[in-house]
Amino acid sequence: MRRVELTSIEGVRWVPDAETGSGVLTIAGSSGRIDDARAHVFARHGVLAESVRWFGGAGQHPALWEIPLETFLRRIENLRRDCDRVWMVGSSFGSEAALLCGALCPQISGVVAFAPSDVVWAGNDGGRETSHWSLGGEPVPFVPIDRQAREVATASRFRPIYERSRRTFADRVEAATIPVERIAEVILVAGADDRVWPSIASTERVSQRRTRHGRETTVVTSHDAGHRSILPGEPAITVGVAMDRGGTESADRELGARAWEVISMALELTARSADTPSN
């Protein structure tokens with residue numbers, strides 16, 4: 001297996017020794033970092049896997065606001081040149097981008113959304129509230145953040161902020177809702193003890209919306225897991241903004257293991273063990 005540094009953007013591509021025909025672009029959450037470890041997990045199972053930094057890098061916005069969705073769509077186009085099918089895998093804020101891109105690009109075979117959101121949320125450009133994402137240079141419709149809720153919330157537990165903001169700006173929800181019914185396949189993974197935002201409620205809304213449009217959805221949940229699922233062979237993440245994410249490492253790993261079973265089937269992966277030594 002080879003690790004290749006991308007040249008057009010800060011990122012990596014893991015090239016497996018024996019490819020399955022599947023490709024994956026994996027997107028991290030609020031850190032915007034390169035999700036190297038998760039891409040490596042996929043590559044160990046024969047997937048051509050990429051991950052990129054999507055803010056905070058050279059020529060990028062310093063924070064999460066109006067990030068061009070084209071950042072990801074260009075990588076999907078590159079992966080499609082070398083793969084029979086390409087999936088997007090996003091976590092938390094990255095799930096917004098993955099679901100949006102899946103709805104925009106019919107060439108994306110499916111989306112795996114960890115701790116997903118069914119709507120686009122607001123980012124902040126130095127005091128100016130705007131969308132997390134842009135498309136064609138224009139901000140994507142979003143749900144604002146209730147400033148009063150932010151002021152009374154604890155410093156590390158943000159779920160109440162999102163719950164209250166959704167109620168306060170109920171008139172903005174419809175326009176900001178991601179049209180997930182346009183995506184061919186969707187796998188949702190969420191923990192009920194997620195204290196960052198209401199990912200279980202979002203999971204239910206995504207699934208219900210797809211059902212209304214005649215689409216099936218694979219849902220993997222856990223009562224005890226929190227915001228971050230841990231896939232087999234993946235290290236627990238200790239970087240990022242300090243916050244109460246809920247769950248425990250054992251519960252997060254158990255959810256990740258069950259999620260990997262359905263991901264493997266959906267991506268038609270090899271049966272090799274996640275414990276197989278890499279080159």
>> Would Arg172 and Phe142 count as a cation-pi pair here, with the cationic atom under 6.0 angstrom from the ring centre and within 45° of the axis?
In response: yes
> Charged N to carboxylate O under 4.0 angstrom, Asp244 versus Arg195?
Replying inline: yes
>> Check this for me: does any side-chain nitrogen of one of Glu254 and Arg258 sit under 4.0 Å from a carboxylate oxygen of the other?
In response: yes
How far apart are the closest heavy atoms of [X] and [Y], and which atoms are they?
X	Y	answer
Leu188	Pro116	CD2-CG, 4.2 Å
Arg85	Ser109	CB-OG, 3.2 Å
Arg210	Ile183	NH1-O, 2.8 Å
Ser30	Phe55	O-CZ, 3.0 Å
Ala190	Ser199	CB-OG, 3.8 Å

>> Hydrogens and angles aside, do His45 and Thr20 bring a side-chain donor and acceptor to less than 3.5 Å of each other?
In response: no
Just so I know, are the side chains of [X] and [Y] near enough to count as touching, which here means a heavy-atom distance under 4.5 Å?
X	Y	answer
Trp121	Ser165	yes
Arg75	Phe72	no
Glu10	Gln60	no

>> Asp118 vs Arg166, test: side-chain contact (heavy atoms from CB on, under 4.5 Å). Steps then yes/no.
In response: CA-CA 11 Å; Asp118 63 308; Arg166 190 183 184 102; 3.0 Å; yes
>> Using the side chain to side chain contact (heavy atoms under 4.5 Å, CB included) criterion, which residues pair with Arg128? Sequence neighbours excluded.
In response: Trp65, Glu66, Asp125, Thr130
>> Run the side chain to side chain contact (heavy atoms under 4.5 Å, CB included) test against Thr26 and tell me which residues pass, sequence neighbours left out.
In response: Val24, Asp35, Arg38, Ala39, Ser51, Val89
> Is it true that atom CD of Glu216 has more than 12 heavy atoms of other residues, nucleotides or ligands lying nearer than 6.0 Å?
Replying inline: no
